[in-house]
Amino acid sequence: MIYFKRSYIKAWYQEIPKMVFMLCGLMHVMSAFGQKASEVMLKNDKLHLTWSEQSSGGYRLVSLTVEDGSPQKISVPLAEHQRTILFAAEKPSNEPIVIQDQKGANITFPDTQYRYVAPIWKQATSPVSMNIAGQVYTYQPDIGDRQPSVVEFRQEDQYFNMSETWSLDKDHPNDICVTMTIEAKLAGYYAMASPSLAVADPKDFQWAVIPGMFQGNQINPDFVRSYAYGHGIPNRPVVVRERTTSTLASLLTLASGVTIATIAEPGSARDPWPNDKKKHADWQLGLSMMNRQGELTPTLYHPVLGEENSYMKAGDKLSFSFRYTIQKADWYTVLNHTINDIYRFKDFLKLKQTERSLSDRVYVMYDYLLNDSTSKWNTQVYEGTHIGAQDYLGGVYGSDKDAMKNSDYGAMWMLGRLTGDSKLLQERLPQAANFKRMQQERTEGFFFGAAAGQYYLHKSKRFAEEWGPYTEPIGTTYYMMMDIGNMFLFEPHRMELKQELRHAADWLLSHMQEDGQWVVAYDNQSNKPLFEDLEDLRPTFYGMFVAYKLLKDQKYKDAAIKGADWYIKNAVNKGWFLGVCGDTRFAPDFATIQAVQALLDIYTLTDEDRYRIAAHRLARYYITSIYTHPIPSILDKSVNGISRKDWEISQVGLNFEHGGIIGSANHHGPILLASHAGLFVRLYGETRDSIFLDMARAAVWGRDAFVDNATGVASYYWDAMNKGAGPFPHHAWWQIGWIIDYLVSEATLRTEGQIVFPRGFITPKVGPHQSYGFALGHIFGHDVELLLRKEMISIDNPNIEYITAIDTQQKQLYVILLNNSMREQNVNMQLELIPDTLWGEHPSLKKISVLDADGHVQRNVDTSALPELVIPAVGLNVVKIDLR
């Protein structure tokens, strides 16, 4: 009830008509907003946010509820510290601060020999990165304009004026779009923080992730493990850079199952190549899993204090746009929304065109690798045996520019089988096989059977590891068991390979710990474990799988299962991983995606669905190792004087070698070695999750800007653009391996399994691609052999890939044509058959048929001329050629 003083009654009575009008207006406002005059709401069918005016002045968020389809709405816990601005009169220091561990001791990281890691760790421990720089200003704004779906807040302060516009996204009802605009009143450095909404209990949340940086379901007080390796969430409000954040969002799933993500609007972060030079390391957007006050809540900063655009003179204005997504869904669902709906990942494929097909690149690299000069093939005599490998011109511990290395034995033996090339079969492969045999420790003792090292140093006549005198168990899985295993698939008559494989398997098994794990490495002198601050969160167990498949000994199967179980419990379930690159002290890398294929292979041993489920879960984690920003465009840019469209040099779709705080992506950006592409195609076939297929195609289509024209070899790192293999010629073997894996996987997918070829074992180190050609495959029910023959097939459209195979019994040649574009393509094909052991001295054409993806004959054509084909977008045709 409202009471009035007696003296006001007469005046009030006289004002009734005017007040009735005002009251009607107020009732209309209350009806429109569904709120009291002291409250402000944003509301739709999914979200309901309420701000309330405080007695101390200004408005703060007092309620946030989420509709999940149940009668009871979910109310989320709110942040205590909701709005923060950072200010510094002087530019903050870039020098690292002293960090202490849980016991108060100063943290010294990394060891002095890690010259690539040390400078970026210093950057990552600067006052700005540690979020201790500048002064903190908190505020509760007043209300400006408001409409049913838009609210504006305003704040005036002695240092700045702030306006905030909040609106609900009509297309995505779980999204709230926010634009903050700051006007400086005092010259200095400013950083706007996204307002804090929902918070999680640090001891009770389901998942948190800044993609590419760190993830997990717990706060990890071990600062190095959490911050440098991404093992859980750091216990400090660190601010990370966009240069290795794969998707520009911070995502947090609360105990209730509600995920809140704070997502930068496109254009907020750096463009890695804005015009004619690399700007990959620019820092325009900061991301954190905590606000400055240490509450667990997804937070963004723009600009970054002390970085570009953060200095403002009095009167300068700057805006920052971002959005919140809040829904009852897991982090992966919200990440997909961010990638596809906000950053329009699917649209990238529509821009892609190519100048050279992947198939053509394989043939060009084939020539490159067979040339003694370009391939840098080196033969040496070691213990009376001729061994061969490619020169490795990078740094290796103890080397004198004399290191040699072979990279992908599966691809080497596959190319030998598919081409029938005498130089490969009679010279290169026997020398490479001898290299592999000599690479194994053959002296009785602690390391008997293990890999002696990746590299051979021919001046000192010894094998060595790249970054020190130590031996990793996963090195034996890689360089003994996986390599020897792939060789044996192609040469099963070589019984000495089985013996060497058994020695390696027994060494690996004898060093498995009781719970199923291995140590990271052993010192070669003392035999003691090294890197004891880390766990071997890598697919070392895969060596036991190879051993069981080829040796059929139950103890190896048991060990493979035990190792996989330990890995699921300690790596997959936690989201904690370790890499295999010593130069970054084992920062998480492509070993993670290798483990997906490894777990899928364990599933084939056991038929227990938990391995397949774990593999699919792990694959979703690996999506956070793939760039999804900035949105590719058709803007013109310049690369070393060559005009390129922005999409041609885009990082989008490319994966890290290793990202995070200490990975190589900080310096170089992502890599062009898309070993995961074939597996991603297969994962789409298993899960029907389209992001796997889109990412596979984004990684490999139209990457000509990175390919050396003369050799067909793509540069390893993004920032090298098209410098080819450079000092690493062995990379070409990996590229042949993943390209064939990808193309065969696409053929299998597009024919729903009617074109299929057996896969070999995973290649060492760089990812999950596998070899082919050691056994017969099938095309529409016919037994066929894969083959490669130079200049046999000529295609006039580079968007069309081709795979060739032959049915030797029926004398039928199959040419599988894949349209790798989002548009229908016309293609003409020419065939040149030269005498061959597969079809004789005088081959001729008997019949030509064009088959569709179901194997149905579309038409038979005259043998005098191959037909012009029209292949639908991302479609497939098969030309079947009967030979006389």
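Predicted model, so just to flag it, every value in this text is computed and none were measured. In this chain, residues are counted from 1 in sequence order.
Looking at Tyr368, its side chain never comes within 3.5 Å of a backbone N or O of Ser375 through a donor-acceptor pair. Remark: side-chain polar atoms of Arg703 are paired, donor with acceptor, to backbone N or O of Ala698 under 3.5 angstrom. Proximity of a side-chain donor or acceptor of Ser650 to a complementary backbone N or O of Val652 within less than 3.5 Å is detected. A distance-only check finds no donor-acceptor pair linking the side chain of Ser407 to the backbone of Trp733 [under 3.5 Å]. Looking only at distances, a side-chain donor or acceptor of His280 sits under 3.5 Å from a matching main-chain atom of Ala665.
Residues Val713 and Gln735 have side chains in contact (heavy-atom distance under 4.5 Å, counting atoms from C-beta outward). A heavy-atom distance below 4.5 Å is found between the side chains of Met481 and Leu501. Residues Ile691 and Tyr332 form a side-chain contact, since some pair of their non-hydrogen atoms from C-beta on lies under 4.5 Å apart.
Within the structure, ring-ring contact (aromatic ring centres under 6.0 Å, His included) contacts touching residues 540-560 (residues at least two apart or in different chains) are Phe541-Tyr567, Tyr542-Phe545. Pairs of residues two or more places apart, or lying in two chains, that qualify as salt bridge (Lys or Arg N to Asp or Glu O under 4.0 Å) and include a residue from residues 662-686 are Arg682-Asp741. Here ring-ring contact (aromatic ring centres under 6.0 Å, His included) pairs that include residues 583-609, with residues two or more places apart or in two chains, are Phe531-Phe586.
Residue His511 is tested with Trp518, Tyr522, Phe447 for a ring pair (Phe, Tyr, Trp, His ring centres under 6.0 Å); the sole match is Tyr522. Exactly one residue among Phe656, Phe345, Trp718 makes a ring pair (Phe, Tyr, Trp, His ring centres under 6.0 Å) with Tyr627. That residue is Phe656.
Take Lys498 and apply the side chain to side chain donor-acceptor pair (under 3.5 Å) test, not counting sequence neighbours, and it matches no residue. With sequence neighbours excluded, the residues satisfying side chain to side chain contact (heavy atoms under 4.5 Å, CB included) with Asp558 are Gln554. Under the rule for a side chain to side chain contact (heavy atoms under 4.5 Å, CB included), the partners of Asp583 that lie at least two apart in sequence or sit in another chain are Tyr116, Trp467, Cys581, His658.
Between Ser771 atom OG and Leu415 atom CG the span is 12.0 Å, to the nearest 0.5 Å.
For Tyr716 and Trp734, the distance between ring centers is not under 6.0 angstrom.
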Evaluate the ring pair (Phe, Tyr, Trp, His ring centres under 6.0 Å) criterion for residues Phe757 and Phe774: first the C-alpha distance (whole Å), next the side-chain angles of each, then the deciding distance (0.1 Å), finally the verdict.
CA-CA 9 Å; Phe757 293 89; Phe774 55 88; over 10 Å; no

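Look at Arg610 and Asp565 and you find a salt bridge, because one of the NZ, NE, NH1 or NH2 atoms lies within 4.0 Å of a carboxylate O, short of that distance. A salt bridge links Arg585 with Asp111: the distance from a Lys NZ or Arg NE/NH1/NH2 to an Asp or Glu carboxylate oxygen falls below 4.0 Å. A salt bridge between Arg612 and Asp607 is absent, with no side-chain N of the basic residue lying under 4.0 Å from a carboxylate O of the acidic one. A salt bridge does not link Lys436 to Glu500: none of the charged nitrogens lies less than 4.0 Å from a carboxylate oxygen.
Within 6.0 Å of OH in Tyr397 there are 12 or fewer heavy atoms belonging to other residues, nucleotides or ligands. More than 12 heavy atoms of other residues, nucleotides or ligands lie within 6.0 Å of NZ in Lys562, so this atom counts as buried by the packing criterion. The environment of NZ in Lys549 is sparse: at most 12 heavy-atom neighbours from other residues, nucleotides or ligands sit within 6.0 Å.
Because its NZ or CZ atom is not both nearer than 6.0 Å to the ring centre of Trp566 and within 45° of the ring axis, Lys569 does not count as a cation-pi partner of that residue.
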